[in-house]
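Worksheet: the structure to be examined is printed underneath.
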Amino acid sequence: MNILDPQGPVAYGNSTILIDSVVIMLAIVVPTIVAILAFAFWFRASNPRARHRPEFTYSGRIELVVWSIPTLTIILLGGVTWIGSHQLDPAAPVEGTGSPVRIQVVSMDWKWLFIYPDQRIATVNTLTVPVGVSLQFELTSASVMNAFFIPQLGSMIYTMNGMVTRLNLRADAEGDLRGLSSHFSGDGFPDMTFPVHVVSTMAFPDWVAETDKSGRELNADSYKDLMKQAPESGTPTYRLADPLLFHAISTQQIPPQPGPRPTEQGAPSHIEANWGANAICSASSTGRPFRLISQSR
């Protein structure tokens, strides 16, 4: 999960912003450290050439240097952030070869559900994508707020109950990557990691066909069984029996999970009000579910 080893255009843009920002900040940090050492050496007690000027109070030249350097640093950092935030808008399309692959993502307690609506399959805690193809993610939460992140492919984005966020990525090289949840969501949070298998465009249809042979069907009933608050030890696969399942989850036609609860013995193991779905993400000030599409990071 090395963010400095990007495997896609979005991750490459993120790493470029990170490196550029560090270089810009070092441009002021390094000279400051050097100046501190130089001043301490020059104005040491044993240096007779150092001039002591108790009457000195102001220098326009020094003020110009002192204020211009941090001002330029802020301008450069602001420019890098401004340009990068527009170029790497998570909802902006990412070009790729062939037809885009739509993937609907549901964060649960404590597992990830990946639905491929066009291929009519679904997987839990494992993601398989074709190389070089535009990946169009639609994300929501079946419980508390969470965050979806594949460091080597691109930007982290939040999942919230009653809302849908969008993220476009692309993988440029075959191989195995890792994804994770980057937002604490209770006791099972450490188990919310998943492998990302980037396969060739020829191998992806074969994987879809093999997954479609699964004896499990994903519908409203099997989804409710999957919603049980527990980590998933395996990586089960399903045939998607209900193509509108994600819509039912994101619009709360299927009620959300209650979220993590305190333990009965002693102090709570996690905060009960952990951004609960019903507390902040499920209802507006009028008491109606949100229907907005969030396109911000």
Check whether any side-chain N or O of [X] sits under 3.5 Å from a backbone N or O of [Y] as a donor-acceptor pair, and report yes or no.
X	Y	answer
K111	Q229	no
Q257	M227	yes
T81	G78	no
S214	T237	yes
S15	P6	no

For [X], does the [atom1] atom sit with more than 12 other heavy atoms under 6.0 Å from it, leaving out its own atoms?
X	atom1	answer
E63	CD	yes
F39	CZ	no
F56	CZ	yes

If you measure from [atom1] on [X] to [atom2] on [Y], what distance do you get to the nearest 0.5 Å?
X	Y	atom1	atom2	result
L113	L218	CG	CG	6.0 Å
W42	R51	CH2	CZ	11.0 Å
E138	L167	CD	CG	11.0 Å
K213	I121	NZ	CD1	13.0 Å
N168	D89	CG	CG	9.0 Å

Looking only at heavy atoms, what is the nearest atom pair of [X] and [Y], with distance?
X	Y	result
A173	V198	O-CG1, 3.2 Å
S134	V94	OG-O, 2.9 Å
L240	P117	CD2-CA, 4.0 Å
R166	I157	O-CD1, 3.2 Å
I17	G84	CD1-CA, 3.6 Å
V164	F246	CG2-CE2, 4.2 Å

With no hydrogens and no angle check, do the side chains of [X] and [Y] hold a donor and an acceptor under 3.5 Å apart?
X	Y	value
S222	N219	yes
D172	Q7	no
T140	S250	no
S181	N146	yes
N161	Q252	yes
D109	S185	no
R61	S59	no

Exercise. Would you call R120 and D118 a salt bridge, using N to O less than 4.0 angstrom?
Worked result: no

For this session: Look at the aromatic rings of F114 and W112 and report parallel, tilted or perpendicular, splitting at 30° and 60°.
Result: parallel

Exercise. Given the rule in the ring-ring contact (aromatic ring centres under 6.0 Å, His included) test, do F148 and F194 qualify, once you have shown the distances and angles that lead to the verdict?
Worked result: CA-CA 11 Å; F148 175 84; F194 55 91; 5.7 Å; yes

Exercise. Transitively linked via ILVMFWY side-chain contacts under 4.5 Å: I33 with V65?
Worked result: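 Yes; V65 is reachable from I33 via cluster members.
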
Exercise. Same cluster for V23 and V30 if Ile/Leu/Val/Met/Phe/Trp/Tyr side chains link at under 4.5 Å?
Worked result: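 Yes, same cluster.
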
Exercise. Looking at L26, I19, D20, which hits side-chain contact (heavy atoms from CB on, under 4.5 Å) with V22?
Worked result: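 Passing option: L26.
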
Exercise. Only one of D191, N125, D187 forms a side-chain contact (heavy atoms from CB on, under 4.5 Å) with P231, so which one is it?
Worked result: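 For P231, the side-chain contact (heavy atoms from CB on, under 4.5 Å) check succeeds only for D191.
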
Exercise. Excluding sequence neighbours, so at least two apart, what forms side chain to side chain donor-acceptor pair (under 3.5 Å) with R178?
Worked result: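 R178 satisfies side chain to side chain donor-acceptor pair (under 3.5 Å) with T193 once adjacent residues are dropped.
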
For this session: Check the pair V133 / V129 against side chain to side chain contact (heavy atoms under 4.5 Å, CB included), numbers first and verdict last.
Result: CA-CA 8 Å; V133 175; V129 297; over 6 Å; no

Exercise. Y223 and Y238: aromatic ring centres closer than 6.0 Å?
Worked result: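 Ring centroids of Y223 and Y238 are no less than 6.0 Å from each other.
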
